Amino acid sequence: MASEITSLLQHGWKNLWKNRAIWLFSSLTLIEPLIRLVVPIQKITDLPSSLLNLVVSLASVYFTFMSIAGVSFVAHCIATGWIVDFRTAFEESKDLFWRVVAFSFLLLIFIAPFACIVAFSLWEFLQIKDIYHNLFFASIPLSVFAAMGYFPITETITSNSKIGKSLKAAWTVFTYHFFDLAITGLLLMVGLRAIIISISLASMLIQNNFDVSAFGKLDFISPQLSFPNNNLYKLIIAIPQAIWQTYTASIFMFAYLKYSGAKMSKQSTP
C-alpha cells in the first residue's frame with residue numbers, strides 16, 4: 001500500500017512539469033487576491049464599493065471553476081500522453097466548465113450535511129464556538145474523499161459521459177481503491193496544512209520584527225484569523241494553495257486513469 005501511494009505522489013509531481021499550460025490555468029485563482037491587494041476594499045460603505053466587491057466576487061467564482069476545469073483537462077492530457085497547447089486547452093475547458101460547476105454543486109450537497117453534523121457536535125460537546133475551527137475539524141475526515149473531487153471530471157473527459165454516469169463510475173473506482181486514495185487525500189491535506197502554517201509563522205515573524213514571542217499570537221487551527229484585512233498575506237497564501245491544487249489534480253487524474261484501466265501513455269505507466 002505504501003509503495004502504491006508513493007507511486008501516485010511521484011507520478012503526480014513528475015507530471016506537473018510536462019506542460020506549462022497547467023500553470024496558466026492554476027494561476028487563475030490568484031487573480032482575485034491580486035485585485036484585492038491592488039484595489040483593497042476594506043469596508044463596504046457605499047454603492048460603488050458594493051458593486052465592485054460583487055463584481056470581484058463573481059469573477060473569483062468564475063476563475064476558480066475555470067481553473068479547476070483547465071487544470072483538470074491539462075492534467076488528463078499529460079497523464080494520457082496528449083500534446084495540447086493553451087489555446088486548445090482553453091477551448092476544451094470552456095466546454096467542461098459547466099460540468100465542473102455541476103459536479104462541485106453535487107459534492108457540496110453530499111458533504112454539507114456531514115460537515116454540519118461534525119460542526120454541531122464540536123460546538124455542542126467540545127464547546128468549540130469558532131465556525132472556522134469547526135470547518136477545519138470537519139475537513140479532516142472529508143479529506144479522505146478528496147479524490148472524488150477529480151474522479152468524475154476525469155471520467156467525463158475520458159468518456160464524455162453524462163454527469164450521473166460519471167459520478168457512478170467514479171464512485172466505483174474510488175470505493176474499490178478506497179484505502180490508497182483515502183490515505184493519499186489525508187497526506188495531501190496534511191502537506192498543505194504544514195505549508196500554510198510555515199508561511200503563517202514566517203509572516204508573523206516578519207510582521208513583528210522577528211520577535212519569536214509573536215508565535216503565540218498565531219491561530220494554528222485557522223491561521224487566516226491572525227491576519228485580518230491583510231490582503232498581502234491572502235495573496236501569499238493563495239500561491240501555495242494554487243500549486244497544491246494543481247499537484248492534487250495531477251495525482252488524482254493519474255490515479256483514476258490507472259485504476260479505471262484507461263489507456264495510458266508509456267511515459268505515465270509505472
Side-chain angles (χ1 to χ4, degrees), residues 1-16 22 25-26 29 64-65 67-80 96 99-115 118 136 138-159 161-195 241-264 268-270:
M1 182 175 67
S3 61
E4 181 64 22
I5 294 172
T6 301
S7 175
L8 292 179
L9 296 175
Q10 289 177 341
H11 275 87
W13 181 255
K14 291 177 182 177
N15 286 349
L16 282 179
I22 199 169
F25 284 107
S26 178
T29 58
T64 296
F65 284 117
S67 176
I68 295 172
V71 166
S72 299
F73 180 77
V74 177
H76 177 274
C77 292
I78 294 172
T80 53
L96 186 61
R99 292 193 181 189
V100 171
V101 173
F103 286 134
S104 300
F105 178 72
L106 291 173
L107 288 173
L108 179 63
I109 292 176
F110 171 77
I111 67 175
F114 176 81
V118 173
F136 166 71
S139 71
I140 296 176
L142 287 173
S143 66
V144 303
F145 298 100
M148 282 301 296
Y150 298 91
F151 275 17
I153 301 174
T154 315
E155 174 62 26
T156 197
I157 294 173
T158 302
S159 306
S161 54
K162 294 182 179 180
I163 292 175
K165 187 176 180 180
S166 296
L167 284 169
K168 183 178 179 180
W171 182 252
T172 300
V173 175
F174 176 77
T175 53
Y176 194 77
H177 299 276
F178 175 77
F179 290 106
D180 289 341
L181 295 170
I183 293 175
T184 300
L186 281 169
L187 288 175
L188 288 170
M189 186 207 71
V190 171
L192 178 59
R193 191 71 186 171
I195 292 172
Q241 288 177 329
I243 295 172
W244 209 254
Q245 175 197 339
T246 307
Y247 180 43
T248 301
S250 180
I251 289 172
F252 288 131
M253 286 288 167
F254 174 82
Y256 187 81
L257 292 169
K258 178 181 179 181
Y259 292 150
S260 64
K263 184 179 180 180
M264 303 289 292
S268 299
T269 304

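Source: prediction; values computed, not measured.
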Check: Counting N and O atoms only, with roles assigned by atom type, does the side chain of T156 sit under 3.5 Å from a partner on the main chain of P152, one being a donor and the other an acceptor?
Finding: no

Next item on the list: Give a yes or no on whether the backbone of S7 and the side-chain of H11 come within a donor-acceptor separation of less than 3.5 Å.
Entry: yes

Check: Does the side-chain contact (heavy atoms from CB on, under 4.5 Å) test come out yes or no for L167 and F151, once each step is laid out?
Finding: CA-CA 8 Å; L167 284 169; F151 275 17; over 6 Å; no

Next item on the list: Measure across Y150 and M253 and return the closest heavy-atom pair with its distance rounded to 0.1 Å.
Entry: O-CE, 4.0 Å

Notebook entry, point to check: At what distance, to the nearest 0.5 angstrom, does OG of S3 lie from CG of L8?
Noted result: 9.5 Å

Margin query: Can you confirm whether L192 sits close enough to Q241 that some side-chain heavy atom of one is under 4.5 Å from a side-chain heavy atom of the other?
Written below: yes

Item checked: Minimum heavy-atom distance between S250 and A75, given as atom pair plus value -> CA-CB, 4.2 Å

Checklist line | S166/R99 under side-chain contact (heavy atoms from CB on, under 4.5 Å): CA gap, chis, key distance, verdict | finding: CA-CA 10 Å; S166 296; R99 292 193 181 189; 5.5 Å; no

Notebook entry, point to check: Between the side chain of T248 and the main-chain N/O of W244, is any donor-acceptor distance below 3.5 Å?
Noted result: yes

Notebook entry, point to check: What distance do F65 atom CZ and F105 atom CZ have between them, rounded to the nearest 0.5 Å?
Noted result: 10.5 Å

Item checked: Heavy-atom closest contact (S139 atom, M189 atom, distance) -> O-SD, 4.0 Å

Notebook entry, point to check: With a 4.5 Å heavy-atom cut-off, do S26 and Q245 have their side chains touching?
Noted result: no

Next item on the list: Using modelled atom types only, decide if a donor and an acceptor are shared between the side chain of S67 and the backbone of F25 within a distance under 3.5 Å.
Entry: yes

Notebook entry, point to check: Do the side chains of F73 and I153 get nearer than 4.5 Å, heavy atoms only?
Noted result: no

Notebook entry, point to check: Regarding T154 and H76, is there a side-chain donor-to-acceptor distance under 3.5 Å anywhere?
Noted result: no

Notebook entry, point to check: Roughly how far, to the nearest 0.5 Å, is CZ of F145 from CG of L186?
Noted result: 10.5 Å

Check: Would you find a donor on one side and an acceptor on the other, under 3.5 Å apart, between the side chain of Y247 and the backbone of L9?
Finding: yes

Item checked: Exam field: side chain T80 to backbone C77, donor-acceptor pair closer than 3.5 Å -> yes

Notebook entry, point to check: Going from NE2 on H177 to OG1 on T184, what distance comes out if it is rounded to the nearest 0.5 angstrom?
Noted result: 12.0 Å

Check: Just how far is it from atom CD1 of I5 to atom CG of L188, taken to the nearest 0.5 Å?
Finding: 10.0 Å

Next item on the list: Take F252 and Y256 through the test ring-ring contact (aromatic ring centres under 6.0 Å, His included) and record every step on the way to the result.
Entry: CA-CA 6 Å; F252 288 131; Y256 187 81; over 10 Å; no

Margin query: For the CG atom of L187 and the OG1 atom of T6, what is their distance to the nearest 0.5 Å?
Written below: 9.0 Å

